[in-house]
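Everything on this sheet refers to the single structure shown next.
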Amino acid sequence: MTDEATPIPDYPFDQPHVLEPPREWAESRAKCPVTHVRMPSGDVVGLLTGYDEVRTLLADPRFSRDLSRKGAARLSNTEDGGLFSRTTEGTADIQEGPGHQRWRRLLSRAFTVKKMEAWRPRVQEMADELIDAMIAKGSPADLREELALPLPVRVICALLGAPSEDQDKFAYWSEVALTLTKYSQEEVDAAQQAFHDYASELVEQKRAHPGDDLLSELTQISDSQDGRLSNEELVSTARGLLLAGHETTSNMILKMTALLLSERERYEAVVADPELVTGTVEESLRMDPLAGVGIPRFITEDIEVGGEPVSSGSSLLVSLAAANRDARKFPEPDRFDPRRENNSQHVTFGAGPHFCVGQTLARVELKVVLETFARRLPGLRLRDTPEQLRQREGVAAGGLQELWVTW
């Protein structure tokens, strides 16, 4: 709740250092279900930081993903308002509702637990190759350059049938697409067009020379003219998978490693007992201190959130990372506990009908990375102190700029 005497804080909040959450997360939860913050665009949005309120909102169809609606808050300082307000060809019908369900049914079949586990040996092989090369170059190494970026790119490119050599293009286009303050509208427009052209050409190559990959399979579906997937939806899907398939996992590999090595007994526990890998990955996901801005929603009718009235036509922003620190759900939420019984109930991958379709793949990659570190690099350490680590500035995704490690 806000009043005229209370200044509205700027968002994202400042942090003591990159591995410590902002104090405003706990303060916001203690005040009321909906506090207010000012985005880089200057627009004010309601902020949700409570676990139950976040889960409820993400599952409720009255909270729309479509922020191109009139009156919706804009997050970025670019003219188009940023990623969530940007109108992209081929996304209108699959963004929510029955169209999203149709699109999700097509994609979900490719990301089942069984299929992703079948990919584990290939992910392991890729991780070993990259770590071999990192070790050969010698200590110290920037983990972002040597593993955290190339591994998810190689994995999603192999899954889609795209060339992984273009990883620097994907990284740049993704970062520009996620800008809050870092890039201009001209840079956004140019990157959007280049990414669209790239994805369109890739789809045409798959159409002409289909292979044993997801994009070739989806190309055949889009050509079937049965209404399941249009060509523009396919191009948009290819872009979305290339972006999401590496951006979030790359960030999380760095954040998980930093969280473990900054208090090294966390890492030593995994080295001593590999059975802790799954719990450690889940607890790292839950305690992610650099999760980005969160997920915005447009309110389509007057409702209440936790007893707080919210008007139709306003916007709310859910902080997944803040919700994961809610003591009502996770007792002693700032304590890292890989044996926490409910740590897999975090909302890092969202909730409801838009729950991250690729979360199983992300979990496989994170587990492979941690298992490989514990087995091959038991002496792994941070080169810098937590206070010296630098976060990515001006983009909605959060994350670390780099992470230098020694062994």
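Side chains included, hydrogens not; waters and symmetry mates left out as well; all remaining heavy atoms used. Sequence positions, counted from 1, serve as the residue numbers for this chain. Note that this is a predicted model, so its numbers are computed, not measured.
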Donor-acceptor contact present, side-chain Ser222 to main-chain Thr219, <3.5 Å: yes
Ion pair check, Lys182 and Glu393, cut-off under 4.0 Å: no
Modelled atom types, side-chain donor and acceptor of Gln185 and Asp189, under 3.5 Å: yes
Whether Arg38 side chain and Asp10 backbone form a donor-acceptor pair below 3.5 Å: no
Pair Arg363 + Glu282: basic N to acidic O under 4.0 Å: yes
Nearest heavy atoms of Ser312 and Asp302, plus distance in Å: N-OD1, 2.7 Å
Inter-residue atom distance Ser174.OG - Leu242.CG, 0.5 Å rounding: 8.0 Å
Glu233 side chain to Ser236 side chain, donor-acceptor N/O pair below 3.5 angstrom: no
Any donor-acceptor pair under 3.5 Å from Ser315 side chain to Ala72 backbone: no
Donor-acceptor pair, side chain of Ser314 and main chain of Ser311, under 3.5 angstrom: yes
Test side chain to side chain contact (heavy atoms under 4.5 Å, CB included) applied to Thr56 and Leu58, step by step: CA-CA 6 Å; Thr56 299; Leu58 292 176; over 6 Å; no
With sequence neighbours excluded, residues passing salt bridge (Lys or Arg N to Asp or Glu O under 4.0 Å) with Glu217: none
Donor-acceptor contact present, side-chain Lys31 to main-chain Ala26, <3.5 Å: no
Salt-bridge present (Asp334, Arg325; N to O < 4.0 Å): yes
Under 3.5 Å side-chain donor-acceptor pair for Ser68 and Asp66: yes
Pair Arg381 + Glu268, salt bridge at N-O below 4.0 Å: no
Asn251-Arg144 side chain donor-acceptor pair, cut-off 3.5 Å: no
Side-chain H-bond candidate by donor/acceptor type, Asp213 with Ser216, under 3.5 Å: yes
Single hit among Arg339, Arg335, Arg340 for salt bridge (charged side-chain N to carboxylate O under 4.0 Å, His left out) with Asp337: Arg335
Over all atoms of both residues, closest heavy-atom pair of Leu234 and Arg207: CD2-NH2, 4.4 Å
Asp128/Arg376 ion pair, N-O < 4.0 Å: yes
Separation between CE of Met39 and CG of Leu180, rounded to the nearest 0.5 Å: 6.0 Å
Gap between atom CG of Asp166 and atom SG of Cys157 - 0.5 Å precision: 7.5 Å
Salt-bridge criterion met for Lys329 and Asp52 (N-O under 4.0 Å): no
Donor-acceptor under 3.5 Å (Gln15 side chain, Glu20 main chain): yes
Salt-bridge criterion met for Arg390 and Asp384 (N-O under 4.0 Å): no
Smallest separation among heavy atoms of Leu178 and Ala397, with atom names: CD1-CB, 3.7 Å
Close aromatic pair by centroid cut-off 6.0 Å: Tyr198 and Trp173: yes
Gln205: partners by side-chain contact (heavy atoms from CB on, under 4.5 Å), with sequence neighbours left out: Glu201, Leu202
Test of ring centre spacing under 6.0 Å for Phe13 and Tyr11: yes
Ring-face cation of Arg69 near Phe298 (centre distance under 6.0 Å, axis angle within 45°): no
Nearest atoms (heavy-atom pairs only) where Ala362 meets Thr249: CB-OG1, 3.8 Å
Check: Glu283 side chain, Thr280 main-chain N or O, donor-acceptor pair, under 3.5 Å: no
Other residues, nucleotides, ligands: >12 heavy atoms within 6.0 Å of Glu117 CD: yes
Between Arg65 and His354: side-chain donor-acceptor atoms closer than 3.5 Å: yes
Glu275 atom CD, over 12 foreign heavy atoms within 6.0 Å: no
Check ion pair Glu125-Arg122 (N to O, under 4.0 angstrom): no
Distance, nearest 0.5 Å, that separates CD1 of Ile295 from CG of Leu316: 12.5 Å
Asp14 bridged to Arg23 by N-O distance under 4.0 Å: no
Side-chain donor-acceptor pair present, Gln345, Arg55, cut-off under 3.5 Å: no
Polar side-chain atom of Gln388 near backbone of Thr385 as donor-acceptor pair, under 3.5 Å: yes
Min side-chain heavy-atom separation Phe373-Leu143 under 4.5 Å: yes
Within the 6.0 Å centroid threshold, strictly below: Tyr51 and Phe330: yes
Distance-only donor-acceptor check, side chains Thr348 and Asn324, under 3.5 Å: yes
Closest approach of Pro378 to Arg375 (non-hydrogen atoms, all atoms of both residues): CD-O, 4.2 Å
Side-chain heavy atoms of Phe111 within contact of Thr360, under 4.5 Å: no
Donor-acceptor under 3.5 Å (Lys255 side chain, Leu400 main chain): no
Sidechain N-carboxylate O distance under 4.0 Å for Glu24, Arg29: no
Between CG on residue Asp326 and CH2 on residue Trp25, distance to nearest 0.5 Å: 12.0 Å
